[in-house]
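Notes follow once the structure below has been shown.
Only a predicted model underlies this, so the values are computations on that prediction, with no experimental measurement involved. Order of the sequence lines fixes the chain letters, A, B, ..., with proteins taken first and strands second; residue numbering starts at 1 for each chain.
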Amino acid sequence: MPPSQPEFRLFNTMTRSVEPFAPTDGDTVRIYSCGPTVYNPAHLGNFRTFLFADLMRRALRLRGWKVRQVMNLTDVDDKIIRRAQEQGKTIREVTEPVTKVFHEDRAYLRIEPAEVYPKATDYIPQMIVLVERLIARGVAYQAEDNSVYFAIDRFPGYGRLSRLDTREVRSGARVAQDDYSKENAQDFALWKSAKPEDEASGAAWDSPWGRGRPGWHLECSAMAIDLLGETLDIHCGGIDLIFPHHEDEIAQSEAATGATFSRFWCHGAFLLTDGSKMAKRLGNVTTVQGMREAQISAAAVRHFVFNTHYRKELNLSEEALEASMNAVRRVGDFADRLATATGGTTELAVAADSAVAEVEAALFDDLNAPNALAGLFTFITRANAELDKRGSDTESLERARAAFARINGVLDIVPERQIDDPELAAWVEERLAGRRAARERRDFGEADRIRAELAERGITIEDTSAGTKWKRSR
RNA sequence: GGUGCGGUAGCCAAGUGGUAAGGCAGCGGUCUGCAAAACCGCUAUUCGCGAGUUCGAUUCUCGCCCGCACCUCCA
């Protein structure tokens, strides 16, 4: 990399340290991020992780690299089968509508689409090949129940990512006794033999080991290798996936290919609600749909999430969310002002340049979004002060616009414009005309009465030199 | 029991071996008919507690207290 290019640093869970990062080929960053299990709409906790991946891909692109991101959709697993059984449906009938909702929610939060969203059920042949390779290498075995397991004691590196040695795993508090038979309690299933409910819900495929379905970990390895190659640049996901999911992915991938599965492992911390983990099984979830109904803008959600570093737990509270809603309003007002301004000052350009430098430095330093936000807000204050001077330098204004666009291109926190409601607009304009007339004849009592009337309908007005502006307050 | 993270102003939250970013809220001022928005100023002598290292610690070390998460399928 040319010395002029800034260094990009990322925390690597494998080494537990922040390391310089660059894509293997110097051009395109190949990312695999663990996506949702589509049996239920994802909640905001899930989306914090997806927002983290969004931040990462945008920051990498800001740095000048291309990104090829693969996010899997797990469309076959225990919970999906159970759901299908409960509802008398096939797994596909369960997963398709949920996948649709996922993308709607994703789009609402302005999470850029990944380049590929592979579904596990579309990669069964690749998974079977992977299992065959593992059996050929002697690290996997078929048990009495026809399921195929990975023997973790035949993979020396097992436990490196999670830093759990196998002895500790063994004495762990929760060693599940599941319905499958295996040699060692810690061995994990690569291929699960089909049960009646699997067949009934369309979750069974032919394989050299009989009818069955893939294990969860296997899906990711097979799809990642197929779509991105044997060594990924970055593999990311929620912190809870470190063990066992990512540990198992490493084991089966590296045992099969002999290559390092991923150069970087990046994990996002949890979103808590009322001090404890947000989880479907705890019933304390906030959905994106719920936030839309509460008229919480995507911009506010993004601000809320990015205001805390991705490796630190974040507690969802109404107060914090409200602070973000207010903060983002300031950003939106500034965006409007930049768009309608006619000129700036030399100082404006100076502020723009330093803002870009500051924000980039923050983002390239292990995705420090809180610092990037600080840089943006500092810029907004400085730029507003300069714009107050009503300068006429169009070049510096353009510089400021470009800087803002560049920064917001990553954070994306300008609130959406209110949906146009022609009827409401006409009504408001009518009131404003009346108020203008009242003000002209200095009948301020009437003017204030109209303002209060508008406020009751949630309309905030602002008298400017260019006339009266109005907007919905929420 | 093991592993890991965190405790910074009313709230959210960065950060550094050299004396505390940013946001929200609040207060005072400018502007405004009054507001709103914007701007200016103020708001932690202090970073969970105790000890140690150091010329100097919120930042390093040790101990303690509190909170959270992970330890087989949960982002």
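- Dense packing is recorded around CD of A:E86, with more than 12 heavy atoms of other residues, nucleotides or ligands lying under 6.0 Å away.
- Heavy atoms of A:N371 sit under 4.0 angstrom from at least one base atom.
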Next on the checklist: Output one letter per nucleotide in nucleotides 29-42 of chain B: B when a protein non-hydrogen atom lies under 4.0 Å from the base, S when only the sugar-phosphate is that close, - when neither is.
Outcome noted: ----BBBBSSSS--
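- Backbone-only contact: A:K79 has heavy atoms under 4.0 Å from sugar-phosphate atoms and none from a base.
- Searching all strands for a Watson-Crick or G-U wobble partner of B:rA35 with both distances below 3.5 Å returns nothing.
- Counting any heavy atom pair closer than 4.0 Å across all strands shown, A:L387 reaches no nucleic acid atom.
- Annotation: the span from A:R106 atom CZ to A:L51 atom CG amounts to 11.5 Å, rounded to 0.5 Å.
- Residues A:E429 and A:W470 bring a donor and an acceptor atom of their side chains to less than 3.5 Å of each other.
- Of the residues in residues 349-356 of chain A, none lies under 4.0 Å from RNA chain B by heavy-atom distance.
- Applying the Watson-Crick and G-U wobble criteria (two distances, each under 3.5 Å), B:rC42 pairs with B:rG26.
- Taking A:Q85 as the reference, A:E197 meet the side chain to side chain contact (heavy atoms under 4.5 Å, CB included) condition, with sequence neighbours excluded.
- Taking the salt bridge (charged side-chain N to carboxylate O under 4.0 Å, His left out) definition, one finds that A:D248 meets it with nothing, sequence neighbours left out.
- Residues that satisfy the side chain to side chain contact (heavy atoms under 4.5 Å, CB included) test with A:A114, not counting sequence neighbours, are A:Q69, A:M71, A:Y117.
- With hydrogens and angles left out, the side chain of A:K277 and the base of B:rC68 share no donor-acceptor pair within 3.5 Å.
- Heavy atoms of A:H43 sit under 4.0 angstrom from at least one base atom.
- In this structure, B:rU59 makes no Watson-Crick or G-U wobble pair, since no nucleotide meets both defining distances under 3.5 angstrom.
- Listed by first then second residue, pairs satisfying ring-ring contact (aromatic ring centres under 6.0 Å, His included) with a partner in residues 334-354 of chain A read A:F334-A:F379, A:F334-A:F404, not counting sequence neighbours.
- A donor and an acceptor atom never sit less than 3.5 Å apart when one is taken from the side chain of A:K312 and the other from the base of B:rC68.
- Residue A:P244 is classed as a sugar-phosphate contact, given heavy-atom separations below 4.0 Å to backbone atoms only.
- Nucleotide B:rG6 has B:rC66 as its partner under the Watson-Crick or G-U criteria, with both atom distances under 3.5 Å.
- One interatomic measurement links the two molecules: CG of A:L190 to P of B:rC73, which rounds to 17 Å at whole-angstrom precision.
- Contacts of A:S324 with the nucleic acid, taken as non-hydrogen atoms under 4.0 Å apart, are absent.
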